[in-house]
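Positions are given from 1, in the same order as the sequence printed here.
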Amino acid sequence: DVTGVVGYSFGNFEVNALAEFKIKTSNIKEETTRIRTTKALTVASYNVLNLSAVPADDAQRDKVAAQITNNLRAPDIVALQEIQDNNGDIGNCRGDLSACSDVLDASETLQKLVDAIEVAGGPEYAFFTVDPLVETRDDNRDDPNTFGGVALGNIRNAFLYNPQRVTLIDYIGMTREVLAARGVSVSTAFDNSRDPLEAVFEFNGEEVTIINNHFSSRFGSTPIFGGPQPFVQAGEAAREVQSLAMNQLVQWHLQDDDDKNVMVLGDLNTFEFTDDLKQILPLAGGEQILFNLIRKNRDDNKYSFIFEGNSQALDHIFVTEALEEIARFDYVHVNVDFPRLFNDTVASDHEPLIASFRFDDDEQED
């Protein structure tokens with residue numbers, strides 16, 4: 001119990017304690033997903049907080065590996081966000097672009113994670129990603145940090161997959177050129193963010209297309225209880241355009257087959273009730289073409305991030321109707337509910353989420 005005076009500063013309410021109080025260690029424990037069937041395809045999404053191959057990330061990497069192996073029960077496919085290049089944000093190549101060419105690669109980052117998962121008792125995953133390019137933007141400024149994030153970290157989207165369970169058919173980075181070729185009207189939607197990474201997998205004779213996203217950051221948003229109301233959601237205009245791009249890309253996939261298995265997932269950096277995710281992303285001509293699996297979460301703990309005390313869902317899995325009918329879904333709480341003490345090692349500031357899809361008529365196992 002805390003006795004004090006309620007105050008307000010910098011857009012947030014607080015309690016100014018008048019006397020000493022005791023802190024009790026929480027009894028909460030890391031969750032393990034309820035989704036554990038071996039007969040269904042399992043797909044997870046996880047923002048792994050600027051993970052790289054440098055020794056300073058060893059403890060974080062081990063925690064992520066243990067969570068994927070144990071708490072997520074080793075999903076068949078894991079869509080990752082915020083994978084950094086092999087040397088993370090170390091080094092400074094500004095002014096010498098030739099020095100950047102050898103630090104854009106993330107193969108060591110992913111290989112070390114795969115190795116850590118094996119040590120934790122998980123399967124031998126394969127992996128792939130598309131590295132960012134040193135390229136000239138419209139403002140004629142050469143930029144080795146095309147995908148944004150921590151300077152020189154070159155965060156990107158990536159996939160792990162279990163080749164004993166699924167087969168990789170193809171993958172491609174959603175560059176301007178690819179989006180334009182597929183009829184997306186806003187092909188520049190991801191110029192200041194991460195290019196989505198699309199992959200096609202085969203599972204028990206079924207092909208599934210997964211588009212892994214990390215939408216524009218919320219950095220610069222105002223406090224929820226601050227002066228400007230409604231509070232400012234920084235980057236919302238950019239995320240609306242990115243949602244439209246994904247919507248049009250899904251329409252391109254469905255034009256010849258309404259029953260195609262398509263997922264749009266990842267760190268979408270906005271809430272499930274925004275126009276981005278309630279209208280722009282899922283609707284086409286008044287018809288719903290994508291369904292947010294958040295409503296299939298079995299309890300009320302529908303959040304993947306906590307910001308200034310506000311639990312919020314920033315990470316999502318959207319699927320086409322063919323998948324929605326056979327889906328189960330779970331936010332797995334292993335990170336954000338636990339207090340961070342000085343020098344604590346954290347796996348991530350996001351929670352992983354997982355869905356399963358069983359393509360036969362039998363009821364899915366719990």
Between Asp315 and Tyr303: side-chain donor-acceptor atoms closer than 3.5 Å: no
Pairing residues for Phe10 by the side-chain contact (heavy atoms from CB on, under 4.5 Å) criterion, not counting sequence neighbours: none
Counting only heavy atoms not in Glu287, do more than 12 sit closer than 6.0 Å to its CD atom? no
For the side chain of Ser187 and the backbone of Val184, is there at least one donor-acceptor N/O pair under 3.5 Å apart? no
Qualifying ring pair (Phe, Tyr, Trp, His ring centres under 6.0 Å) pairs with a residue from residues 225-257, counting only residues at least two apart or across chains: Phe13-Phe225
Given 3.5 Å as the limit, does a donor-acceptor pair link the side chain of Arg358 with the main chain of Ile326, or not? no
Only one of Val319, Ile317, Leu353 passes side chain to side chain contact (heavy atoms under 4.5 Å, CB included) with Leu265; say which it is. Ile317
Classify the side-chain pair Glu198/Thr209 by whether it contains a donor and acceptor separated by less than 3.5 Å. no
Check each of Tyr161, Tyr171, Phe357 against Phe201 using the ring-ring contact (aromatic ring centres under 6.0 Å, His included) test, and report the only one that passes. Tyr161
Looking only at non-hydrogen atoms, find the nearest pair between Pro223 and Gly11 and report the distance. CB-O, 3.3 Å
Provide the closest heavy-atom pair for Lys39 versus Thr37 in the form atom of the first, atom of the second, distance. N-OG1, 3.1 Å
Looking only at side chains, do Tyr46 and Gln67 share a donor and an acceptor under 3.5 Å apart? yes
Approximate separation, where rounding is to 0.5 Å, of Ile354 CD1 and Arg36 CZ: 12.5 Å
Under 4.5 Å between side-chain heavy atoms, hopping through other hydrophobics if needed: is there a path connecting Ile211 to Leu281? yes
Can you find a heavy atom in the side chain of Thr42 that is under 4.5 Å from one in the side chain of Ile35? yes
Would you say the side chain of Val241 lies within less than 4.5 Å of the side chain of Leu244, judging by non-hydrogen atoms? no
Quick one, Thr320 and Ile289 - any side-chain contact, counting heavy atoms below 4.5 Å? no
Under a 4.0 Å N-O cut-off, is there an ion pair linking Asp58 with Arg61? yes
Side-chain ion pair, Glu324 and Arg295, N-O less than 4.0 Å: yes
Within the distance-only criterion (no hydrogens, no angle test), does the side chain of Asn335 pair as donor or acceptor with the backbone N or O of Asp349 below 3.5 angstrom? no
Main chain of Leu254, side chain of Lys260: is a donor-acceptor contact present, judged purely on distance under 3.5 Å? no
Donor-acceptor contact present, side-chain Ser221 to main-chain Ala234, <3.5 Å: yes
side-chain contact (heavy atoms from CB on, under 4.5 Å) for Val5 and Val15? Distances and angles first, verdict last. CA-CA 6 Å; Val5 178; Val15 175; over 6 Å; no
Please report the interatomic distance CD(Glu207) to CG(Asp257), rounded to the nearest 0.5 Å. 10.0 Å
Report yes or no: do Gln84 and Asp89 form a side-chain donor-acceptor pair below 3.5 Å? no
Can you tell me if Gln60 uses its side chain to pair, donor with acceptor, with the backbone of Asn50 under 3.5 Å? no
Do Asp76 and Asn162 meet the criterion of a side-chain donor-acceptor pair at a distance under 3.5 Å? no
Can you check whether Glu14 reaches Tyr8 side chain to side chain, under 4.5 Å on heavy atoms? no
Between Asn47 and Glu82, is there a donor-acceptor pair closer than 3.5 Å when you use the side chain of the first and the backbone of the second? no
Give a yes or no on whether the backbone of Phe305 and the side-chain of Ser311 come within a donor-acceptor separation of less than 3.5 Å. no
Would Asn297 and Asp299 count as having a side-chain donor-acceptor pair, cut-off 3.5 Å? yes
Compute the centroid of each ring, for Phe338 and then for His333, and state whether the two points are separated by less than 6.0 Å. no
Assess whether side-chain contact (heavy atoms from CB on, under 4.5 Å) is satisfied between Leu160 and Ile77, documenting all intermediate values. CA-CA 6 Å; Leu160 308 181; Ile77 301 168; over 6 Å; no
May I ask you to test the Val332-Leu72 pair for a side-chain heavy-atom distance under 4.5 Å? yes
Is it true that Arg176 and Asp191 make a salt bridge, defined as a side-chain N closer than 4.0 Å to a carboxylate O? yes
Asp276 versus Arg239, closest heavy-atom pair with distance: OD2-CB, 3.5 Å
Over all atoms of both residues, closest heavy-atom pair of Ala322 and Asp259: CB-O, 3.3 Å
As a test of understanding, state which of Asp57, Thr109, Asp85 forms a side-chain hydrogen bond (donor to acceptor under 3.5 Å, both in side chains) with Ser52. Asp57
If I compare all heavy atoms of Ser243 with all of Leu277, which pair ends up nearest, and what's the gap? OG-CD2, 4.3 Å
Could you walk me through whether Phe359 and Leu41 pass the side-chain contact (heavy atoms from CB on, under 4.5 Å) test, one step at a time? CA-CA 8 Å; Phe359 292 98; Leu41 172 69; 4.2 Å; yes
About how many Å separate OG1 of Thr33 and CG of Asn70, when rounded to the nearest 0.5 Å? 12.5 Å
Side-chain heavy atoms of Met263 within contact of Val43, under 4.5 Å: yes
Return all side-chain donor-acceptor pairs below 3.5 angstrom for residues 118-133, not counting sequence neighbours, or 'none' if the list is empty.
residue, atom, partner, partner atom, Å
Tyr125, OH, Pro75, O, 2.6
Thr129, OG1, Asn157, O, 2.5
Asp131, OD1, Arg156, NH1, 2.5

Within the 4.5 Å heavy-atom criterion, are Asp267 and Leu314 side-chain neighbours or not? yes
Using atom types as modelled and distance alone, determine if a side-chain donor or acceptor of Glu351 lies under 3.5 Å from a backbone N or O of Val334. yes
Assess, by modelled atom type and distance only, whether the side chains of Arg218 and Gln233 contain a donor and an acceptor separated by less than 3.5 Å. yes
Step by step, would you call Gln248 with Arg182 a side-chain contact (heavy atoms from CB on, under 4.5 Å)? CA-CA 8 Å; Gln248 293 175 340; Arg182 295 186 177 186; over 6 Å; no
Could you measure the distance from the CG atom of Asp115 to the CD1 atom of Ile117? Nearest 0.5 Å is fine. 9.5 Å
Exam field: side chain Gln242 to backbone Ser216, donor-acceptor pair closer than 3.5 Å: yes
Considering only heavy atoms from C-beta outward, does the side chain of Asn86 approach that of Ser107 to under 4.5 Å? yes
Closest heavy-atom pair and its distance - Arg165, Ala40: NH2-O, 2.9 Å
Flag if over 12 foreign heavy atoms under 6.0 Å of CG, Asn16: yes
Considering the options Leu49, Leu197, Val48, Asn212, which one meets the side chain to side chain contact (heavy atoms under 4.5 Å, CB included) requirement together with Gln81? Asn212
Kindly check if the number of other-residue, nucleotide or ligand heavy atoms within 6.0 Å of CZ (Phe219) is above 12? no
Looking only at the side chains, is there a donor atom on one of Thr175 and Asp195 sitting less than 3.5 Å from an acceptor on the other? no
